[in-house]
Amino acid sequence: MKQVLVKLLEQSIQAAIDKGFLPPVAPPRIEVELTRDPGHGDYASNIAMILASQEKKNPREIAKTLLEGIEDRDGVLEKVEIAGPGFLNFFVREGGLTTLLDAVERQGDRYGSPDLGKGRRVQVEFVSANPTGPLHIGHARGAVVGDVVANILAAVGYQVFREYYINDAGNQMDNLGKSVLLRYRELLGETAEFPEGCYRGDYIRDLASELLKRDGERHLAQDAANVVPLFTDYAAGAILEGIKEDLRTFGVVFDLYFSERELYRDEGVEKLLRDLEEKGFIYREGEALWFRTTAFGDEKDRVVVRQNGAPTYFAADIAYHRNKFLRGFETVIDIWGADHHGYIPRMSAAVQALGHEKEALKIILVQLVNLLRDGKPVAMSTRSGEFVTLREVVDEVGRDAARYNFLMRRSDSHLDFDLELAKRQSNENPVYYVQYAHARICSILRMAAERGVAAPAAGEADASLLRLPEETELIKAITRFPEVVEGAARTLEPHRLTFYLNDLAALFHSYYKSNKVISEDGALTGARLFLVRSVLTVLKNALNMLGVSTPEKM
RNA sequence: GGGCGAUUAGCUCAGUUGGAUAGAGCGCUGGUCUCCGGAACCAGAGGUCGUGGGUUCAAGUCCCACAUCGCCCA
């Protein structure tokens, strides 16, 4: 329908040019949008105002000419009006919009997934928490945002690869091993002072006692320097397994856990440095090696190899990104905590220095989560071991509520997460509102089946019977879905889906309240079942993208 | 001191490349149930979109300055 109107406008503009009313310029991109206000018709275009500003003419006058030039040979339009500063408002003939529902029926679970990606390969890297402790609530938001961004991109035709970067080569890992060793000795009667940087959570003690059980006391006699690596490996391995398990429970599954150590094993960092040096981006100052990130707009150059000869975290990170592109990804998406925003210019510089477009790296910043219980903040600190883990949150509020709540804000804005609110099964909790709409429609379809009224197949229903304003609104909302998905994919903003879902569910609940789907009128019942099933399809497709379940009963 | 981001209803926040009378949820006030699921619906109150300039047919949206807050860096 939209394309039809665009076509009509194109022809009208051409006619105006032929008549000499408009100069023969390349016409701008014509925008036709579904209206929000029924008083503005079904579709509207601002093309007259665009042309007016180009040609320095009165917009309403241009609109008038365009209006007269529209030749609606197929009779799809009831009328066209000029409104406000020069909008063209299109009123579609009664029942004319209902053909839009055929697309839903035809495409089923593919509806709302336009093929934008054409199979291009995208990698999404997220969570990437150091395996020094269980994931906590702060990681949960990044996990969901990454997962859903990946889902959306996959839905619109990209080939998506999900990856977790394990930062397991730094001295934080040493601290982890030392921490476990200290607890191990403590279990054997030694008293220990915990130095700065060590981890004190209960899980450290658990790991120590597991190791004691497995290996006995034999590590006690040895020199600390000799046994720390063993403790580190054991602890990191066990913690990582726990992280994977927690993520699975949360519905997040990665294609690959990529270890930072791999980069050193395959000389990835050395290769990177040679690569950059050949391109002239590396210089020596003092004993350190510097990377000329200022060549790409960073505010100052960055050290990649320290005076002591050790590569920096940044160097490993560049090597990792080089590795990503070598594996053939066209676009690489990183999801970071918002406190890392200062890191963006240098990473962007690195990617460009490696010869890629700036746009090949996209970074999504995820803001901190304020965890609340009944409106009061819950104190957390990783060091002291006081934090609410991802696992605890999922166990307490459930996977669906947790995921949905993390998607209700733009990812770069702060989010209050209230445990009690997320648990409540009431109108304060939006996830149920949307799922309830889904369950209700399932219930209607069950009821219809029980009464022997089959929901009509495509083409069988006379959708032109759907003439109520509420029905038109529902159809428009359904029609908007592919555009919403496209917008969410383009901007990498999953929250657009939750807002859309709330709108759609509200329209449905309202419609349901004041209209009977199943009635004595067989033809009308068929048409309404058809409509309601379209709503169901959209709800299901959208919730699937969010990784939230679609219960048929609640 | 420099950089980035934010400032929209009592609270938490949306506002799609500048479009028509700025929206939603919660909270508040008052209503709806002989009917397919009340985890629902309807109505109402509530706004100088931080302040002041600028750009244009049109600014919450773009530009400049300032204020406040947050984060990063020195």
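By convention in this document, chain letters (A, B, ...) are assigned in the order of the sequence lines, proteins followed by strands, and residues within each chain are numbered from 1.
The CG atom of A:Asp503 sits 13 Å away from the C1' atom of B:rU16 (whole-angstrom rounding). Counting to the nearest Å, the P atom of B:rC73 and the CZ atom of A:Arg346 are 8 Å from each other. One atom, OH of A:Tyr433, and another, P of B:rG37, lie 17 Å apart when rounded to the nearest Å.
Listed candidates were B:rA40, B:rC36, B:rG15. Nearest to the side chain of A:Val517 is B:rC36. Each of B:rG19, B:rA14, B:rC72 was ranked by its minimum atom distance to the side chain of A:Phe87; first place goes to B:rG19. When the nucleotides B:rU12, B:rG3, B:rA14 are ranked by their closest atom to the side chain of A:Phe499, B:rA14 comes out on top.
Listed by chain and number, the residues in a ring pair (Phe, Tyr, Trp, His ring centres under 6.0 Å) with A:Tyr404 amount to none (sequence neighbours excluded).
Stacking between A:Tyr436 and the base of B:rA40 is absent under the criterion of ring centres within 5.5 Å and planes under 30 degrees.
For RNA chain B, each stem of at least three Watson-Crick or G-U pairs (distances under 3.5 Å) is given as range with range: B:1-7 with B:67-73, B:10-13 with B:23-26, B:28-32 with B:40-44, B:50-54 with B:62-66.
Taking the C1' atoms as reference points, B:rG46 lies 24 Å from B:rU61, given to the whole Å. For the P atom pair drawn from B:rG27 and B:rC42, the interatomic distance equals 16 Å after rounding to whole Å.
Remark: the backbone N or O of A:Glu31 is paired with a side-chain donor or acceptor of A:Ser45 at under 3.5 angstrom.
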